[in-house]
Amino acid sequence: HASVMCGACANWHGTVYPDLKKKYIDTGLVRFVFREFPTPPENLAQAGFLIANCTGDDKFFDNIKLQFNRQQQVFKAMQTGKVLEEYIAIGKAGGLSEDETMACLKDEGRIADYEAKVQNGIDNGVTGTPSFFLNGVKLDRTNDGKQVFLLEHFDEALAPILGAEATKSDTPKDTAE
């Protein structure tokens, strides 16, 4: 579960996700499912997710990546009263016209789907973002008590399922104290 308004989610998506994708998703070892979950300002998180979903399945992750990359611009636009223009630009980047973006933001069916996804997250114990689940079990902490955020944390969580050889990390570990 992640939010397009979550700084930690944007950081994870830009720093850890590419390696996770290359090592586990692209090789077919893991199926990655992205679930929407809002963080403040929740109305902007909802707008971002609605637009990403309206761009279509083939452009969803590209649009999410764009929103993570433009997160600070969205916050600045909110402060200057130009957030709608920012979301129209995000919609256009995903192939939506201004009218399509505006219709998307008001689409009651999409809003209901989004709210159901959020409620599902709440029902499954999501209390913040990013949150990760493996085979339906929330990954709260690693064996050393750290939150699950780094590739080696995923290696540790996946090793009992995939085997140690499949999860052997090629990523150098940080040795700084």
Flag, side chain of T80 to backbone of K76, donor-acceptor distance under 3.5 Å: yes
Any donor-acceptor N/O pair, E36 side chain to Y114 backbone, under 3.5 Å: no
Validation row: T15, L150 side chains within 4.5 angstrom (heavy atoms): no
Pairing residues for S3 by the side-chain hydrogen bond (donor to acceptor under 3.5 Å, both in side chains) criterion, not counting sequence neighbours: T39
Short side-chain to backbone donor-acceptor contact, K21 and D26, under 3.5 Å: no
Test side chain to side chain contact (heavy atoms under 4.5 Å, CB included) applied to E100 - qualifying residues, sequence neighbours left out: L96, S97
Pairs satisfying salt bridge (Lys or Arg N to Asp or Glu O under 4.0 Å), at least one member in residues 79-91, at least two apart: R70-E86
Could you tabulate the donor-acceptor pairs under 3.5 Å formed by side-chain atoms of residues 55-65, not counting sequence neighbours?
| from | atom 1 | to | atom 2 | distance (Å) |
| --- | --- | --- | --- | --- |
| T55 | OG1 | A52 | O | 2.6 |
| N63 | OD1 | Q67 | NE2 | 2.7 |
| N63 | ND2 | I90 | O | 3.2 |

Donor-acceptor contact below 3.5 Å, side chain W12 vs main chain P130: no
Side chain proximity check, L44 to M78, heavy atoms < 4.5 angstrom: yes
Common cluster, I25/L29, ILVMFWY with side-chain heavy-atom separation under 4.5 Å: yes
Closest heavy-atom pair and its distance - H1, F37: CB-CB, 4.0 Å
Validation row: L20, V30 side chains within 4.5 angstrom (heavy atoms): no
R110 vs N53 side-chain heavy atoms within contact, under 4.5 Å: yes
N/O donor-acceptor pair under 3.5 Å between H153 side chain and F149 backbone: yes
Pairs flagged by salt bridge (Lys or Arg N to Asp or Glu O under 4.0 Å) wherever residues 37-50 is involved - sequence neighbours left out: none
Residue pair D155 / K23, side-chain heavy-atom distance below 4.5 Å: yes
Set of ring-ring contact (aromatic ring centres under 6.0 Å, His included) partners for Y24, sequence neighbours left out: none
hydrophobic_cluster_shared for V137 and F32, side chain cutoff 4.5 Å: no
ILVMFWY cluster, F34 and F133 together (side-chain gap under 4.5 Å): yes
I88 vs L84 side-chain heavy atoms within contact, under 4.5 Å: yes
N120 (side chain) donor-acceptor with A116 (main chain) under 3.5 angstrom: no
4.5 Å side-chain heavy-atom contact, F49 and P38: no
